[in-house]
There are 2 protein chains.
Amino acid sequence: MSRRAAATARRRTAYHHGDLRAALVTAATALLDTEGPLGVTLRGAARGAGVSQAAPYRHFSDKSALLAAVAEDGFRRLRHAIARAARTHARDPVAALRAMAIAVVRFAAAHPSHYRLMSGPAVRGRDHPALRDAAVGAWALLAGAIERGQRAGRIRPGDPVALSFALWCSIHGLAVLAVDEQIPANVLKVVPLEQLAEHATRCLLEGLAPRPPSRAARRARPASRATARQ
Amino acid sequence: MSRRAAATARRRTAYHHGDLRAALVTAATALLDTEGPLGVTLRGAARGAGVSQAAPYRHFSDKSALLAAVAEDGFRRLRHAIARAARTHARDPVAALRAMAIAVVRFAAAHPSHYRLMSGPAVRGRDHPALRDAAVGAWALLAGAIERGQRAGRIRPGDPVALSFALWCSIHGLAVLAVDEQIPANVLKVVPLEQLAEHATRCLLEGLAPRPPSRAARRARPASRATARQ
DNA sequence: CAGGGAATGTTGACACAGTCAACTTCGAGC
DNA sequence: GCTCGAAGTTGACTGTGTCAACATTCCCTG
């Protein structure tokens, strides 16, 4: 993975680290897990890699560049988790979607600080295209599953991207609420997190299911201009 | 509004500020809007209030206490925005819910940094009960609207808290995605943000609508244990 | 095989942040 | 009128991001 390993196997010397970039990402990730988002520090990562304070600047232009690399790594892992969940239900697209949702929430619960970093203000996708791509890559799996569901007649027709977007909002919203500890105790007491994911996903998937023309659905006016402002 | 005005009208002197606490919250909010979340600083807020660096410690034990006060204020405003939206559709509970969702997303888009702070790692609800209460108070309006919808037969029966939670996930997820600039360009290009809110809300509300027993909904197995791990 | 860039690390320094201790000033109640 | 506590100030400490100047090592070219 590292450009060093790909090269002629430079040996680490006392002076040159060998693969500092990867070591810094690892150290920063460790800090993230143990100390939380505010505990991640450029100097701390350097210490963790056994290197001086300014060394990171040979590999990252910025603190936020380091954080972006960490976040990108997180999205890679998240994508793998989602893909694995999808594979376990290759036959049933709806079950696959549910499993994917649970995988996301599980990932968030297992690595709260990491998930926070991935979707937080510390790194803006705009400034780090690779991060953006990694994020989109992870969530794009949802659209694929939606499409399979449509082909199987389990999900109503329509733009898969638009439909998966609604699902994305739900799942990400739940994950973020969990990670930010904003789920009220009276909810979490009764129902464990994964069941909440199932619940939220089911509510949405029922909305996405094909259905005979329903009076209630059509009664809803398409757009009311008299909504609240601000 | 300020406790100063309520009291015997202490006058501000050169030395004593009069109502530093409120001034600090205002200054911090201004910093948040202009400089972003990372630009909010205790010293900066003190400067903004025309006061020395250590003065805030007479009113806030901590930087995070200041941030919590700012976030709490944000939740108060958010609750008002939601309540106003609900009032504009007193007759149609489903339209009210849609309007509430749009109000939240609008708020988030208008004050991105503020919304981020309100739901971010900077302040943990656990450490600031008043913040937690403000957040719950804002979102509780959803459950009320759901209940009205049930009474009107527009929303299927069930625990209003559980149903509103699914809606909460959707709305908050969309708001957070917007605020974090994670909505892919190919989505935002085609559809403006408020329409996305309508879309997501509609998908979910259709899932929450009362419906004749449907085969597709029942076919979904209640829980599959073979989901992905990690 | 030699030698010279280019990478990669190191040291030292600067500005600024959060935070605290010690001191000062002001308003209110005995 | 005087004192006491609340509210503000000054000065200092540590830790952080960042940079410039210097040191070391790798690897390519002759």
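So you know, we letter chains A, B, ... as the sequences are listed, proteins then strands, and number each from 1.
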- Message: Run the salt bridge (charged side-chain N to carboxylate O under 4.0 Å, His left out) test against R76(B) and tell me which residues pass, sequence neighbours left out.
- Response: E72(B), D73(B)

- Task: Determine: side-chain N/O of H59(A) to OP1/OP2 of dA7(C), distance under 4.0 Å, yes or no.
- Result: no

- Message: When you compare the side chain of S64(B) with that of H128(B), does any pair of heavy atoms fall below 4.5 Å?
- Response: yes

- Do any pairs count as a salt bridge (charged side-chain N to carboxylate O under 4.0 Å, His left out) and have a residue in residues 110-120 of chain A, sequence neighbours left out, and if so which ones? R116(A)-D180(A)

- Between P of dA17(C) and CG of L38(A), the distance in whole Å: 17 Å

- Whole-Å distance, L20(B) CG to dG27(C) C1', equals 16 Å

- Message: Main chain of D19(A), side chain of H59(A): is a donor-acceptor contact present, judged purely on distance under 3.5 Å?
- Response: no

- Note on the structure: Rounded to whole Å, CG of L24(B) lies from C1' of dA7(D) at a distance of 12 Å

- Query: In whole angstroms, how far is the C1' atom of dG8(D) from the CZ atom of R21(B)?
  - Reply: 17 Å

- Any donor-acceptor pair under 3.5 Å linking the side chain of H89(B) with the backbone of A99(B)? no

- Query: Is any side-chain heavy atom of L196(B) closer than 4.5 Å to a side-chain heavy atom of V105(B)?
  - Reply: no

- Output every pair passing side-chain hydrogen bond (donor to acceptor under 3.5 Å, both in side chains) with a member in residues 159-172 of chain A, not counting sequence neighbours, ordered by first then second residue. Y115(A)-H172(A), S170(A)-S170(B)

Run the side-chain donor-acceptor check on residues 41-52 of chain B: report pairs under 3.5 Å with partners two or more places apart or on a different chain.
none

Nucleotide N/O to protein N/O under 3.5 Å, stretch nucleotides 14-16 of chain D:
unit_1: dT16(D); atom_1: O3'; unit_2: T41(A); atom_2: OG1; d: 2.9

- Atom-to-atom span, CG of L66(B) to C1' of dA17(C) - whole angstrom: 14 Å

- Task: Consider the side chain of Y57(A), meaning its heavy atoms from C-beta on, and name the nucleotide among dT19(C), dG17(D), dG8(D) that approaches it most closely.
- Result: dG17(D)

- Message: Among V104(B), I183(B), T201(B), which residue satisfies the side chain to side chain contact (heavy atoms under 4.5 Å, CB included) criterion with L174(B)?
- Response: I183(B)

- Message: Nearest whole Å is fine: how far is dC19(D) P from F60(A) CZ?
- Response: 16 Å

- Runs of at least three consecutive Watson-Crick or G-U pairs, both distances under 3.5 Å, are what I'm after; which ones involve DNA chain C? C:1-30 with D:1-30

- Residue pair R58(B)/Q53(B) against DNA chain C: nearer the 5' end by closest nucleotide is Q53(B)

